[in-house]
Protein chains: 2
Amino acid sequence: MARLSRGRKKVEIVKMKNESNMQVTFSKHRAGLFKKASELCTLCGAEIAIVVFSPGKANKVYSFGHPSVELLVDRFLGRDLPLRNDDDRHNHLIRAQRNSGQRGLNKEVMDMQESF
Amino acid sequence: MARLSRGRKKVEIVKMKNESNMQVTFSKHRAGLFKKASELCTLCGAEIAIVVFSPGKANKVYSFGHPSVELLVDRFLGRDLPLRNDDDRHNHLIRAQRNSGQRGLNKEVMDMQESF
DNA sequence: CCGTCTATGATTAGTCC
DNA sequence: GGGACTAATCATAGACG
């Protein structure tokens with residue numbers, strides 16, 4: 001059959017209304033995000049952890065992590081951070097709480113790194 | 001002055017050797033990754049947390065989180081996980097540990113994976 | 001839901017400031 | 001380090017199976 005697609009259209013970055021379309025977009029963008037992350041890992045030897053909660057009723061969880069989500073997250077939440085250069089503008093209060101010892105579970109988190 | 005750039009060149013996804021180039025690439029890709037994440041949040045109402053550790057000696061930490069890294073990470077590590085659809089292939093052992101009650105809060109966590 | 005296709009929008013390597 | 005630019009590559013909206 002004749003292809004009728006006129007190619008990609010511009011999409012405004014606002015919450016989508018169409019549910020089924022949104023599901024497709026969510027899948028595609030999630031895959032793209034994880035791919036970008038893995039490229040950044042490979043190209044620059046960075047260590048990345050990503051956790052994604054899908055919206056709506058089917059609140060599924062997807063994750064990407066190199067070397068592992070848990071390891072990186074523990075290091076993030078732990079205390080021996082070499083330096084915090086935080087682009088996250090939303091959780092200053094929570095971070096302050098955490099840093100003051102709220103967690104009380106983190107002990108020594110091995111720091112292993114290098115290439116990949 | 002006359003622009004001599006011949007535009008973007010194809011880049012193989014392997015670890016970069018040039019350190020200063022890598023620094024630039026790291027910054028650009030990190031910004032792109034966070035932007036993609038925020039778009040996914042807005043478009044689909046997803047909740048995303050990202051933690052990035054920069055490579056090399058200056059092991060800085062960058063994070064993105066909506067609503068917040070801590071909240072999402074706690075939910076990820078915590079108890080009321082609705083479902084785990086994990087794309088992370090590297091941490092089966094750690095996950096198994098966690099799921100077997102190391103943190104003492106996990107009950108039933110579905111494990112399914114594959115793809116990506 | 002997943003995979004494929006293609007035109008086109010989005011990202012970015014290389015460059016200069 | 002950051003910002004701007006351009007041209008090329010890359011990602012993906014929408015349509016279809």
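All values reported here derive from a predicted model rather than from experimental measurement. Per chain, numbering begins at 1; letters A, B, ... match sequence-line order.
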Using whole Å, what does the distance between atom P of nucleotide D/dG14 and atom CD of A/E12 come to? 13 Å

Between NE2 of B/H29 and P of D/dT9 the distance, given in whole Å, is 15 Å

So if I take every side-chain heavy atom of A/K36 and compare against C/dT12, D/dG14, C/dA13, which nucleotide ends up nearest? C/dT12

Protein-nucleotide distance (A/F34, atom CZ; D/dA11, atom P), rounded to Å: 15 Å

NE2/A/H29 to CG/B/L43 distance, rounded to the nearest 0.5 angstrom? 6.0 Å

Interatomic distance, CD@A/E47 vs OG@B/S54, rounded to 0.5 Å, equals 9.0 Å

Rounded to whole Å, please give me the gap between NZ in A/K10 and C1' in C/dT11. 13 Å

Within this structure, what is the CE-to-P distance between A/M22 and C/dC1, rounded to whole angstrom? 11 Å

Quick check for you: among D/dG14, C/dT11, D/dT12, whose closest atom lies nearest to any side-chain atom of A/R8? D/dT12

Straight-line distance of A/L72 CG to A/F64 CZ, nearest 0.5 Å: 9.5 Å

Quick one: pull up CE in B/M22 and OG in B/S27 and give me the separation to the nearest 0.5 Å. 10.5 Å

Nearest-0.5 Å distance, CZ of residue B/F26 to CG of residue B/L33: 9.5 Å

Can you tell me how far P of D/dT6 sits from NZ of B/K9, to the nearest Å? 18 Å

Nearest-neighbour nucleotide for the A/K28 side chain, C/dC1, C/dA13, D/dG14 considered: D/dG14

Tell me: CD of A/Q23 to P of C/dC2, nearest whole Å? 7 Å

If you check every side-chain atom of A/N21, which of D/dG14, C/dT11, D/dC10 has the closest atom? D/dG14

Of A/G7 and A/V24, whose closest DNA chain C nucleotide lies nearer the 5' terminus? A/V24

As a test of reading the structure: which of D/dT12, D/dA15, D/dT9 is closest to the side chain of A/R6, going by heavy atoms? D/dA15

Between A/E39 (CD) and C/dA13 (C1'), how many Å, whole number? 13 Å

Return the nearest nucleotide to the side chain of B/K35; candidates are C/dT11, C/dA13, D/dA11. C/dT11

